[in-house]
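A, B, ... follow the sequence lines: proteins, then strands. Residue 1 opens every chain. All values below were derived from every heavy atom in this structure, side-chain atoms included, with hydrogens, water molecules and symmetry-related copies excluded.
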2 protein chains.
Amino acid sequence: MTQLEAARAGIITEEMKLVAKDEGLTPEEVRDGIAKGEIIIPKNKNHRHIKPYGIGKGLRTKVNANIGTSSDCVNYEEELEKLKVAIEAGAEAVMDLSTGGDLDKMRRLVLKESSVMVGTVPIYQAAIESRRKGQPVVEMSKEEIFDTIRKHAEDGVDFVTVHCAVTLETVERMEREGRILGVVSRGGAFLIAWMKHNKKENPLYEYYDELLDMAKEYDLVLSLGDGFRPGCIADATDRGQIQELIIIGELVQRAWEKGVQVMVEGPGHVPLQQIEANMVLQKRLCHGAPFYVLGPVVTDVAPGYDHIVSAIGGAIAAWHGADFLCYVTPSEHLRLPTVEDVREGVVAAKIAAHAADIAKGVKGAWEWDLEMSKARWELDWDKQIELALDPVKARRMRGTRPPKEEDVCTMCGEYCAIKMIRG
Amino acid sequence: MTQLEAARAGIITEEMKLVAKDEGLTPEEVRDGIAKGEIIIPKNKNHRHIKPYGIGKGLRTKVNANIGTSSDCVNYEEELEKLKVAIEAGAEAVMDLSTGGDLDKMRRLVLKESSVMVGTVPIYQAAIESRRKGQPVVEMSKEEIFDTIRKHAEDGVDFVTVHCAVTLETVERMEREGRILGVVSRGGAFLIAWMKHNKKENPLYEYYDELLDMAKEYDLVLSLGDGFRPGCIADATDRGQIQELIIIGELVQRAWEKGVQVMVEGPGHVPLQQIEANMVLQKRLCHGAPFYVLGPVVTDVAPGYDHIVSAIGGAIAAWHGADFLCYVTPSEHLRLPTVEDVREGVVAAKIAAHAADIAKGVKGAWEWDLEMSKARWELDWDKQIELALDPVKARRMRGTRPPKEEDVCTMCGEYCAIKMIRG
């Protein structure tokens with residue numbers, strides 16, 4: 001049974017208990033959320049040793065870090081270091097998006113080393129291996145795509161991005177309106193090229209039932225990818241994107257009918273004033289399925305700082321309903337991220353998630369800030385550092401400019417307002 | 001005549017012309033905004049060589065960087081380096097908040113070196129010098145406070161923070177409700193201590209007319225400070241804060257009656273879900289006067305990353321009406337910022353300001369992103385870097401991991417979606 005089937009049957013699984021404990025909820029609350037499809041627990045039946053996290057309504061907003069090689073940078077050790085750093089910084093999920101080197105090796109290393117859920121985008125491997133066989137990407141077969149997904153599931157991957165709603169209808173609608181930046185989803189781009197070349201419907205859409213059967217076998221979560229994710233704010237919330245979302249909503253219901261856990265992927269690049277509408281639309285069109293957003297990036301002009309740009313968007317998105325934030329690193333739009341980029345990206349996304357959790361009233365969020373505020377009033381610096389999201393950095397920064405009097409900091413020194421008011 | 005008096009008389013000053021050009025507006029539009037009090041141009045009559053910027057409705061959101069010594073860190077050269085870096089990174093204003101060393105020397109150096117408007121908080125100097133004379137802060141005289149303000153005005157300071165609405169009534173109301181973190185404004189703390197000790201009303205409130213006369217003489221902008229700025233999200237939007245804002249609204253109108261330019265300072269620490277309400281309240285209670293916010297910081301738990309925390313809050317604040325963002329650096333709550341902190345703080349605030357400008361439809365904001373998006377579609381990397389908010393960092397990051405094929409980056413390498421879609 002999948003977690004969804006168990007929940008519907010009234011069963012409380014071990015994973016539900018652990019998630020309930022982690023969130024300060026009752027196991028029944030978690031089970032009921034899963035039964036409705038509003039909560040998922042991504043944990044492949046073949047992936048035994050990870051700490052399960054829940055994603056969805058009423059739970060803490062979770063953070064994913066993308067790692068993996070690229071065709072230009074293949075360094076397995078560096079990617080494993082990124083994995084370690086991402087988890088240390090608080091990521092509850094990692095996606096291995098490798099596109100360079102030995103893809104099976106990298107994925108299996110990540111699965112082995114990760115203590116948190118692992119996601120992948122199998123279409124990358126299908127396309128790349130097609131090419132490595134000397135066969136153009138557009139000539140890969142439906143079987144090659146599905147076999148790759150099965151290989152990932154068999155290895156223990158907990159969730160896979162599948163761009164099932166990139167359909168001929170959606171492509172046509174997008175092209176009729178026109179876009180500034182076309183398609184920026186790699187999976188989407190592979191599939192569109194395939195569909196155009198073969199003059200056929202997307203096999204992930206056409207054989208969706210087969211995909212559902214496979215997902216069910218492993219309790220593999222389908223993360224319904226947004227191939228029409230806008231690549232710039234000018235393309236946000238356009239017909240292609242919303243048409244795809246409508247179809248994703250239909251696919252969510254078909255997954256639920258078969259007892260398969262699903263979540264929905266979302267943008268992308270979205271200006272501030274359109275974020276809330278995007279969240280409302282997804283929740284309504286997808287009947288409350290968990291929403292996993294990348295960013296959103298709220299301006300295109302700050303390469304080098306896209307972790308900050310997307311912390312702004314992510315906070316607003318999560319406040320209005322996004323359940324799962326994919327981090328963006330300072331390297332986005334420029335290069336494959338470094339280990340330090342990964343750390344900064346995760347921290348920025350954690351800040352966005354927590355700021356949103358305060359706003360949406362997630363259990364325990366407000367209390368954390370309250371404790372910190374009390375420690376500030378007490379001028380209790382050890383406690384402040386202990387409570388910090390990143391205690392190591394907080395301690396280091398304070399330590400590099402130590403104050404003359406231990407109870408203050410060098411910003412205000414003896415003119416510390418709190419000290420004056422406390423008297 | 002002040003800019004406000006000139007605007008009311010239908011005169012278009014040289015400063016109005018420069019601001020109009022900078023914003024892509026007509027001089028008449030700028031003049032009319034100034035006449036209504038919705039726009040200010042802070043430029044002291046004694047401060048000749050700066051580039052004037054407008055702050056207010058319909059204009060780009062501006063950014064201020066706080067610099068200055070503290071009692072624990074006195075290094076004039078470092079502060080001047082911060083000034084330089086802040087302006088390079090795009091700050092349209094700096095405040096010299098020095099509290100250590102030779103305060104007159106530091107301020108005059110900043111005024112001399114700055115190419116942008118300069119603000120100060122004269123009460124700091126009045127309090128510190130009182131103490132240096134061996135006289136407790138609470139025994140400084142009204143004359144000592146006003147003489148310090150006049151000295152700053154005479155030196156050419158363009159705007160001063162004056163906590164005129166920290167009144168006995170407000171203190172009482174705040175204390176009746178209770179707070180987690182009391183008062184975190186240093187100016188507010190000095191004045192409250194003074195009022196309690198002397199059992200007298202705040203001289204900046206009692207002799208406000210005198211202050212207005214002085215401001216008018218120099219066309220010094222009064223930045224009506226929020227002594228009750230919340231120091232943690234739990235204290236946000238409480239009775240003390242809103243009571244002070246009501247009084248500030250009254251003081252705004254009194255300033256306008258005398259032809260004095262004013263803006264209003266605001267929080268501080270505010271959770272996401274309360275930011276919009278704070279902006280609406282200020283705009284209504286203060287009849288459209290420009291709003292200058294510090295942060296807002298949307299969570300208390302991320303010391304070391306408060307530039308990101310406040311970029312989230314600042315973007316939402318500016319979107320909903322804030323006109324001027326005071327940056328927050330990564331060092332906030334930990335230490336006096338370093339030069340690098342200043343740079344990071346300004347960039348984060350510029351990102352927030354620009355994201356908000358897109359959302360509120362400020363002239364030229366959308367077009368900048370559109371140009372960048374077109375450069376991305378063209379895979380024109382020189383153009384992308386040229387258009388970046390921080391071209392130096394963008395170029396450096398791309399350069400450290402150069403791609404094998406020049407038209408892509410190492411994130412996707414040969415599997416660049418844009419390249420695939422362009423064909």
Side-chain angles (χ1 to χ4, degrees), chain A residues 70-73 99 180-184 186 189 193 232-234 271-273 298-305 308-309 311-312 315 319 331 334-336 347-348 351 354-355 358-359 368-370 372-373 376-377 388-390 393-394 397-398 401 403-404 409-411 413-415 417 420-421, chain B residues 70-73 99 180-184 186 189 193 232-234 271-273 298-305 308-309 311-312 315 319 331 334-336 347-348 351 354-355 358-359 368-370 372-373 376-377 388-390 393-394 397-398 401 403-404 409-411 413-415 417 420-421:
Chain A
S70 75
S71 56
D72 284 359
C73 303
T99 55
I180 301 295
L181 245 172
V183 169
V184 296
R186 283 181 292 185
C232 63
I233 61 168
L272 280 186
Q273 76 275 17
V298 296
T299 171
D300 301 305
V301 303
Y305 300 91
I308 297 178
V309 172
I312 296 171
W319 167 25
S331 277
L334 292 169
R335 65 175 184 193
L336 196 74
V347 172
I351 290 169
H354 177 66
I358 292 167
W368 182 8
D369 285 55
L370 196 60
M372 174 65 92
S373 307
R376 287 207 169 121
W377 176 246
L389 187 74
D390 182 349
K393 186 175 181 193
M397 289 182 81
R398 182 168 156 78
R401 289 202 147 165
K404 285 178 198 148
C409 83
T410 51
M411 172 71 101
E414 58 184 308
Y415 303 106
M420 281 190 276
I421 287 291
Chain B
S70 74
S71 56
D72 284 0
C73 302
T99 55
I180 300 296
L181 245 172
V183 169
V184 296
R186 282 180 293 183
C232 64
I233 60 167
L272 279 187
Q273 77 276 17
V298 296
T299 171
D300 301 304
V301 303
Y305 300 90
I308 297 178
V309 173
I312 296 171
W319 168 24
S331 276
L334 292 170
R335 66 175 184 191
L336 195 75
V347 172
I351 290 169
H354 177 65
I358 293 166
W368 183 8
D369 285 55
L370 196 60
M372 174 65 93
S373 308
R376 287 206 169 121
W377 176 246
L389 187 74
D390 182 349
K393 186 175 180 193
M397 288 181 80
R398 181 167 157 79
R401 288 201 149 165
K404 284 178 199 147
C409 83
T410 51
M411 172 70 101
E414 59 184 308
Y415 302 107
M420 282 192 274
I421 287 292

M411(B) and R186(A): which non-hydrogen atoms are nearest, and at how many Å? O-NH1, 3.9 Å
Applying a strict 4.5 Å limit to non-hydrogen atoms, the region of M372(B) in contact with chain A is side chain
Largest heavy-atom contact set with chain A, pairs under 4.5 Å, which of C232(B), P303(B), A193(B): P303(B)
Which atoms of M397(B) are under 4.5 Å from chain A, going by heavy atoms: the side chain, the backbone, both sets, or neither? both
Output for pair (I358(A) CD1, Q273(B) CD), nearest 0.5 Å, gives 8.0 Å
Are D72(B) and R401(A) close enough that some pair of their side-chain heavy atoms sits under 4.5 Å apart? no
Mark yes or no for whether S70(B), through its side chain, and G413(A), through its backbone, hold a donor-acceptor pair below 3.5 Å. no
Between L389(B), T299(B), V184(B), I308(B), which residue shows the highest count of heavy-atom pairs closer than 4.5 Å to chain A? T299(B)
Bottom line for V347(B): the part with an atom under 4.5 Å from chain A's heavy atoms is side chain
Closest contact, heavy atoms only, Y415(B) versus T99(A): CE1-O, 3.7 Å
Could you check which of L334(B), V301(B), I312(B) has the highest count of heavy-atom pairs closer than 4.5 Å to chain A? V301(B)
In short, K393(B) meets G304(A) closest at the heavy-atom pair NZ-O, 2.9 Å
Say you draw a straight line from CD1 of I180(A) to CZ of R376(B); how long is it, rounded to the nearest 0.5 Å? 13.0 Å
Count the heavy-atom pairs under 4.5 Å between each of C409(A), A388(A), P403(A), A348(A) and chain B, then report the option with the highest count. C409(A)
Quick one: pull up CG in D300(A) and CG in D369(B) and give me the separation to the nearest 0.5 Å. 4.5 Å
Quick one: does any side-chain atom of K404(B) pair with a main-chain N or O of S71(A) as donor and acceptor, under 3.5 Å? yes
Quick check on the interface: out of A189(A), A359(A), P271(A), who has the most heavy-atom pairs with chain B under 4.5 Å? A359(A)
If you tally heavy-atom pairs under 4.5 Å against chain A, which of L370(B), D390(B), L272(B), V298(B) wins? L272(B)
